[in-house]
Amino acid sequence: MSLLVFKPEGIFCPPANVYIDPWRKVERALITHAHADHARWGQRHYVAQEHNEQVLRARLGKDISLQTVAYGESISINGVRFSWHPAGHIPGSAQIRVEHRGEIWVASGDYKVENDGLTPAFEPVPCHTFITECTFGMPIYRWQPQSVAFAAINQWWMEAAAAGQNCVLFGYSLGKAQRLLSGIDPSIGPIFVHPSIAQMNEALAAVGFQLPATLPLSSYNRKLHGTGVLVLAPPGAADGHWQKKLEPYTDATASGWVQVRGNRRRQSLDRGFVISDHADYPGLLQAISATGAEKVICTHGFTALFSRQLREMGLDAQEEHTLFMGEGGAAAQEETE
Amino acid sequence: MKAFAALFESLDRSNSTLSKVAALESYFRNAAPEDAIWTVALFSGRRPKRQITSTQLQLWAAEVSGLSDWMLAECYQQVGDLAETLALVLPEPHANSNEIPLNQMLSHLQGLQQADEGSKKAFVIDQWAQLPTTQRFLFNKLLTGGFRVGVSEKLVAKALARVYQKDEAAVLYALMGKWQPAALSLEALLASDAASDASKPYPFFLAYPLEQPLAELGATEAWQAEWKWDGIRAQLIKRADAVYLWSRGEELLNEQFPDLCAALQDLPNGTVLDGELLCVENRQILSFNALQQRLGRKKPSKKMQQSMPVALMAYDLLEFAGQDLRSLPLRQRRQQLKELLAENTSSALLLSESLVFEDWQQLGLFRDQGRAQLAEGLMLKRLDAPYEQGRKKGSWWKWKVNPLSIDAVLLYAQKGHGRRANLFTDYTFALWEGDQLVTFAKAYSGLTDKEIKAVDAFIKANTLEKFGPVRTVKPQLVFEIAFEGLQLSKRHKAGVAVRFPRILRWRQDKLPEQANHLHELKVLLTPGV
Ligand SMILES: [Zn+2]
Ligand SMILES: [Zn+2]
């Protein structure tokens, strides 16, 4: 019998009777990271990497039953050993390693291979079977080093500031926002953040993540702060209402999807910067090969194409359907993680 | 290529006319004139002749990238543009490549005409290995021909006028017609006019669709109304003993219409007419279909010239006796046009008569007869307005007849491109013939995002058969399909072909049995219905 199986509730480990990132209510949920498609509300008990302590409580409720573990630390459940290893996706994100009677599986959760300088970098974990995400599992998705995108963002902000405009940059409130904050040059001007981002910043600062100082968006006042400020907000918050007081402004998104010109243009924003917290296509291939796994299970993205590609490369690869959502999927680029 | 790519990027990301002109201006200020003239040519659709096929490009890209054909095809489906797909999937270029100026790149490309396939391939692969992504995308665009940047000739002229301190209208005029960027300096181009190039057409003035109630146009006496003919907009020039016939897309049509050019050879020198090309037999206008057949034939046979004779339905006089009349009010231009045509005996030149109407309501009655006149609707022109250039609101309006429409059943569906690559968005519709459904039109647009999602879900749940990318769907959904006209067609199963079909609305109130029958569509073939 397989060590991990895909059930309607989620990824299940029969000998331990626990689930990884379940999307239905279960007794015990092992969590790879705090994004909403992985850490869902209503589980009886949660186990997660320790950096998620505040974030999970902020998102799922103060009183959730939560056990935390450090990276590399292992816990044993019914003779199955579970450990959490850096996935490089967002602060606190982990791959979950599962070992039982000499057989090792790794569930990747979401990951990226580039070290973003904020989140502990992705560590390849040797295993027999690797459950990988493949949000960007097509060769058209290939990222430049993040320094290229940050240079472009800084330049965009400087030029806008010089022209008397404000900047509105959209990115998910958990992960993308903090990565942007840690990569953007804060000396250009004041940075304001949407409340949902402020809440996540606080939760991460409490466990030791250092982020530049920001101001609450509600405190922005044209007379006090002038123009040339940068505002970070989650994509779902773009209702046009609060943007009004920032006029004149230029807006942009930071996402892997804008690698494709058509996607970029359809955002109907002024700019699109290619920054993703998911591995690009070469990154996925590199990560898979580093695990040494013979068997690969693809979830989360272009599963059919990517698993076919892996099979052509000689791997035993298959796809499994999950309710994970990647960075939105090409068809639905709304608020997903 | 570097500066050209930077210009492309800033045009691509700017969504205001102001910033587009600013980007063009700063490009023209710094660009070498021999590159600048190519940029003007490319942005106005004067592209180099295609030397390499898409199939060749895909083969070579698969070879260089090591990707399987199926993966490359999936990438293309995802991106929706071949040039961009290839630019994205090819291996990272060398770090320090040589800069090739735009004009040199284009002369290289033109030089490929004589080259064998091997050297074409070597050249393309070498460029791919050198050019950074955006330049590689543009290079692929140059190879594949299509080039759209959302910049009108008018904006280009505006920027050039600023940089070279010239009159904008004069620059726009200078850019018209046939010129070879490889054989001309930018300076000479900007200075060109009818004196230096007798064939040079004037920029066309284009009408906006009427959006407001007619009453807002004010007094009827200020307006001239004519039929909006269902032909091809054209400008006919007679200068220096030669006739030139231009389409709105600035194509010289002399070859397709030698009969018309010969018939109008006797017009006085220094005459320019604006009008509509139509097939006209014995003063009777033929359907657009006939004109389309004429247009498709580069050198029409004598027989075709006789069975489908063409005429110019003239509605404006832009130049007479070598004088540019465009700044005169329409009233005066019209008077001169009438005088000129009064002496005309050729059946190849007709006057587009103005309609006599008392009030706006009466004009509405004219519009209702549009289809019977084989017209697309009405044109409204201010009598005191000069002949302007480009598309401009105010003095010319087009008022189209209401489209025809029919209720049809969704029968086949196919996935879209780009963002909609995962949704079924391309539909084929059918009408009843007895108890059979016969397909008659394909349509892509017209639904809201929400409707598209709902239709997509229906298709996925109600697929009867799959043929490659095409699915046969349970005949259940009914849509009202609008179209501009129809004609007999042997190529179509239904025996008729509709023009510009689009989805008007989803008839959720109708059962498939309530959709229309094919004979109800065919009835519309008769003009006047
Ligand atoms: Zn995810
Ligand atoms: Zn995630």
Side-chain angles (χ1 to χ4, degrees), chain A residues 134-145 148 152 155-156 159-160 163 165 248 250-253 255-274 280-282 285 301-313 326 328-334, chain B residues 8-16 18-19 22 61-62 64-93 132-134 137-138 141 148-150 415-425 449 452-453 456-457 460:
Chain A
C134 51
T135 306
F136 290 107
M138 287 187 86
I140 49 176
Y141 295 107
R142 188 166 61 199
W143 317 145
Q144 296 285 308
V148 174
Q155 198 192 344
W156 166 66
E159 284 173 7
Q165 289 181 313
T250 156
D251 49 16
T253 182
S255 156
W257 295 111
V258 297
Q259 171 85 327
V260 173
R261 182 167 169 247
N263 293 341
R264 188 165 63 236
R265 295 170 64 87
R266 273 186 290 268
Q267 302 267 339
S268 54
L269 298 174
D270 297 330
R271 297 290 299 270
F273 300 104
V274 183
D280 61 0
Y281 178 80
L285 294 180
F302 297 111
T303 50
L305 302 178
F306 192 62
S307 55
R308 180 174 174 190
Q309 177 66 35
L310 293 179
R311 284 193 296 279
E312 280 195 0
M313 297 165 93
Q333 286 171 37
E334 288 114 34
Chain B
F8 171 80
E9 280 180 344
S10 52
L11 291 174
D12 196 38
R13 69 169 73 121
S14 73
N15 33 27
S16 79
L18 214 68
S19 55
V64 173
S65 64
L67 293 174
S68 324
D69 296 346
W70 66 266
M71 182 57 110
L72 205 54
E74 292 285 355
C75 288
Y76 181 17
Q77 168 81 9
Q78 185 71 24
V79 174
D81 178 279
L82 183 63
E84 184 184 357
T85 307
L86 301 187
L88 290 173
V89 301
L90 289 162
E92 290 284 337
T133 311
T134 305
F137 165 62
L138 294 171
K141 279 282 182 202
R148 286 173 72 174
V149 283
K415 283 186 177 174
H417 269 294
R419 181 179 64 127
R420 293 179 166 168
N422 299 314
L423 292 170
F424 285 92
T425 57
D449 278 1
I452 289 175
K453 275 188 190 158
D456 175 74
K460 283 171 183 159

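Here is the naming used below: chain letters follow the sequence lines, and residue numbers restart at 1 for every chain. Here the structure is a predicted model, which means the values were calculated and not measured.
Using a 4.5 Å cut-off between heavy atoms, A:Q259 contacts chain B through both its backbone and its side chain. Residue contact with chain A, scored on non-hydrogen atoms closer than 4.5 Å, is absent for B:L72. Only the side chain of B:E84 comes within contact range of chain A, with at least one heavy atom under 4.5 Å from a heavy atom of that chain.
The aromatic rings of A:Y141 and A:F302 lie parallel to each other, their planes meeting at an angle below 30°, with 60° marking the opposite boundary.
Contact check on B:D456 versus B:K460 returns a salt bridge, with a Lys/Arg side-chain nitrogen under 4.0 Å from an Asp/Glu carboxylate oxygen. Between B:D81 and B:K141 there is a salt bridge, since at least one side-chain N of the basic residue sits less than 4.0 Å from a carboxylate O of the acidic one.
Considering only residues two or more places apart in sequence or on other chains, A:R264 meets the side-chain contact (heavy atoms from CB on, under 4.5 Å) condition with A:V258, A:R261, B:D12. Taking B:E92 as the reference, A:R142 meet the salt bridge (charged side-chain N to carboxylate O under 4.0 Å, His left out) condition, with sequence neighbours excluded.
Heavy-atom pairs under 4.5 Å with chain B were tallied for A:R271, A:Q309, A:R308, A:M138; the largest tally goes to A:R308. Contact tally against chain B (heavy-atom pairs below 4.5 Å) for A:V260, A:T250, A:L269: the top residue is A:V260.
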